[in-house]
Amino acid sequence: MTVSELKRVAVSLGMPAFTGGQIAKWIYQKRAESIDEMTNLSKANREKLAEHYCVGLMPPTDCQRSKDGTVKYLFPVRCTDETTEEQGTRRFVETVFIPDDDRATLCVSSQVGCKMNCLFCQTGKQGFEGQLTAADILNQTFALPEFERLTNIVFMGQGEPMDNLDSVLRATQILTSDDGLAWSSKRITVSSVGIKGKLKRFLDESQCHVAISMHSPLHDQRATLMPAEKAMSIEEVVELLKQYDFTHQRRCSFEYICFAGLNDTLEHGREIVKLVKGLECRVNLIRFHPIPDVDLPGADDRRMEQLRDYLTSHGVFTTIRASRGQDIFAACGLLSTAKKALANDAS
């Protein structure tokens, strides 16, 4: 809940409105695990609050540690089932903590599974199982054992953030609010394949960075890799982005997984340069991590370096992103909780 909602809760229970602000500080700044910890509320008010509400903090149920220091956590969620619009379905999502010298990034999920069904993504093979609530999203941050080390959050885990935009916007609002975590919006990046209507709303209502999954600048080829291209083409996405100012602190980036002989050629480089001309942006080249039953070859370092150098020499700032956590299936495109959900249902 936002602080204004917490104030309304307080008033509805016969407490002064300012009590809602105290509750917000306990939840978001002091990370209280229970209402009993809110000691500047009277015992009677704590009891009254506990009759109707709980903090909702849920610790991860499992973790895996990579040899490179990356940690993948399994979080229980109370996702919303779109067919019933009811909460309470017990599912799980994976969240990845990525330490890197003085930076520590958390890759959070926004859905259980995903509807986008991108050819190269393991999450898409899981199918769609439910929308995460804002509480589910925030819990991945606030219940993280390494919370105090966090410097950045990226919405690049399971799911398409724009397909669950209300919850994502509510979560980012609390993360950046003075009454919440009070982070700068420049520490948060939200990814998307490009969802018509939703992407514009996000750009209008948030100042967080945006990262677009491109993977090919060519319409027909991108459509074979990403069915979402048919609903909102990469050309439409870029034209929309050009209406916004990315020349200051807010950043626009494109994610680009490289497949050998498929999208890593200089022809693709030329098309990327043409596509993003006039847009202040960067391109992140990503190594492909093979997934079962998908016959796509990953590009080698030499081809990726050639593409990077070509783009950079033509004015498009480009990096090759280091792969992290591949040995624990925490790298880009490898997150999935399908088997865990089945095991949980069986138990």
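In the hydrophobic clustering of ILVMFWY residues, with side-chain heavy atoms under 4.5 Å counting as a link, Leu132 and Leu144 come out together. Transitive grouping of hydrophobic side chains (ILVMFWY, heavy atoms separated by less than 4.5 Å) brings Leu285 and Tyr310 into a common cluster. Two different hydrophobic clusters hold Leu279 and Leu218 under the rule that ILVMFWY side chains link at heavy-atom gaps under 4.5 Å. Both Leu266 and Phe254 are part of a single hydrophobic cluster, where members link through side-chain heavy atoms under 4.5 Å apart.
The heavy-atom pair separating Ile234 from Ser216 by the smallest distance is CG2-O, 4.3 Å. Considering every non-hydrogen atom in both His268 and Leu262, the closest pair reads CE1-O, 2.9 Å. The two residues Pro59 and Ala143 make their nearest non-hydrogen contact at CA-CB, 4.3 Å. Minimum interatomic distance between Arg308 and Thr318 (heavy atoms only, all atoms of both residues): CG-O, 3.6 Å. Taking all atoms of both residues into account, the shortest heavy-atom contact from Ala10 to Pro16 is CB-O, 3.6 Å. In terms of heavy atoms, Leu175 sits closest to Leu181 at O-CB, 3.2 Å.
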- Message: Before you tell me yes or no, could you show the steps for Glu160 and Ser110 under side-chain hydrogen bond (donor to acceptor under 3.5 Å, both in side chains), namely the whole-Å CA-CA distance, both residues' side-chain angles and the distance that decides it to 0.1 Å?
- Response: CA-CA 7 Å; Glu160 164 55 51; Ser110 56; over 6 Å; no
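For the pair Asp178 and Val3, the minimum side-chain heavy-atom distance is 4.5 Å or more. For the pair Leu169 and Arg201, the minimum side-chain heavy-atom distance is below 4.5 Å. Contact annotation: the side chain of Met15 approaches that of Leu49 to within less than 4.5 Å [non-hydrogen atoms, C-beta and beyond]. Counting only heavy atoms from C-beta outward, the side chains of Thr151 and Asp102 never approach each other to under 4.5 Å. For the pair His52 and Val9, the minimum side-chain heavy-atom distance is 4.5 Å or more. No side-chain heavy atom of Val210 sits less than 4.5 Å from a side-chain heavy atom of Tyr244. Thr265 places none of its side-chain heavy atoms less than 4.5 Å from the side chain of Arg270. In this structure, the side chains of Val154 and Cys107 come closer than 4.5 Å at one or more pairs of heavy atoms.
Electrostatic pairing of Glu235 and Arg222 does not count as a salt bridge here, judged by no charged N lying under 4.0 Å from a carboxylate O. Salt bridge Glu239/Lys242: present, at least one basic N to carboxylate O contact under 4.0 Å. Salt-bridge formation is detected for the pair Glu271/Lys274: a Lys NZ or Arg NE/NH1/NH2 atom is positioned less than 4.0 Å from an Asp or Glu carboxylate oxygen. Using a 4.0 Å cut-off between charged side-chain N and carboxylate O, Asp264 and Arg302 make no salt bridge.
Atom CG of Asp166 and atom OG1 of Thr133 lie 12.5 Å apart (nearest 0.5 Å). Rounded to the nearest 0.5 angstrom, Leu165 CG and Phe202 CZ are separated by 8.0 Å. Taking OH of Tyr53 as the start and CG of Leu6 as the end, the distance is 9.0 Å to the nearest 0.5 Å. From Asn284, atom CG reaches atom CZ of Phe317 across 8.5 Å, with rounding to the nearest 0.5 Å. For the atom pair CD1 (Ile257) and CG (Leu225), the distance works out to 9.0 Å, reported to the nearest 0.5 Å. With rounding to the nearest 0.5 angstrom, the CD1 atom of Ile286 is 8.5 Å from the SG atom of Cys258.
At least one donor-acceptor pair under 3.5 Å links the side chain of Asn139 to the backbone N or O of Met58. No donor-acceptor pair under 3.5 Å is formed between the side chain of Glu280 and the backbone N or O of His248. At least one donor-acceptor pair closer than 3.5 Å links the side chain of Ser191 to the backbone N or O of Phe155. Of the possible polar contacts, none joining the Lys277 side chain to the Ile272 backbone as a donor-acceptor pair under 3.5 Å is found. Of the possible donor and acceptor atoms, none in the side chain of Asp101 sits under 3.5 Å from a partner among the backbone N and O of Arg103. Without hydrogens or angle criteria, Glu229 side chain to Met226 main chain gives no donor-acceptor distance under 3.5 Å. A donor-acceptor pair under 3.5 Å is formed between the side chain of Gln158 and the backbone N or O of Glu94. Counting only distance, with no hydrogens or angles, the side chain of Arg250 and the backbone of Cys208 share a donor-acceptor pair below 3.5 Å.
Side-chain N/O atoms of Thr312 and Asp309 include no donor and acceptor closer than 3.5 Å. Side-chain polar atoms of Gln221 and Asn263 form no donor-acceptor pair below 3.5 angstrom. A donor-acceptor contact under 3.5 angstrom links the side chains of Gln140 and Thr95, judged on distance only.
Ring planes of His215 and Tyr256: tilted class, angle from 30 to 60°.
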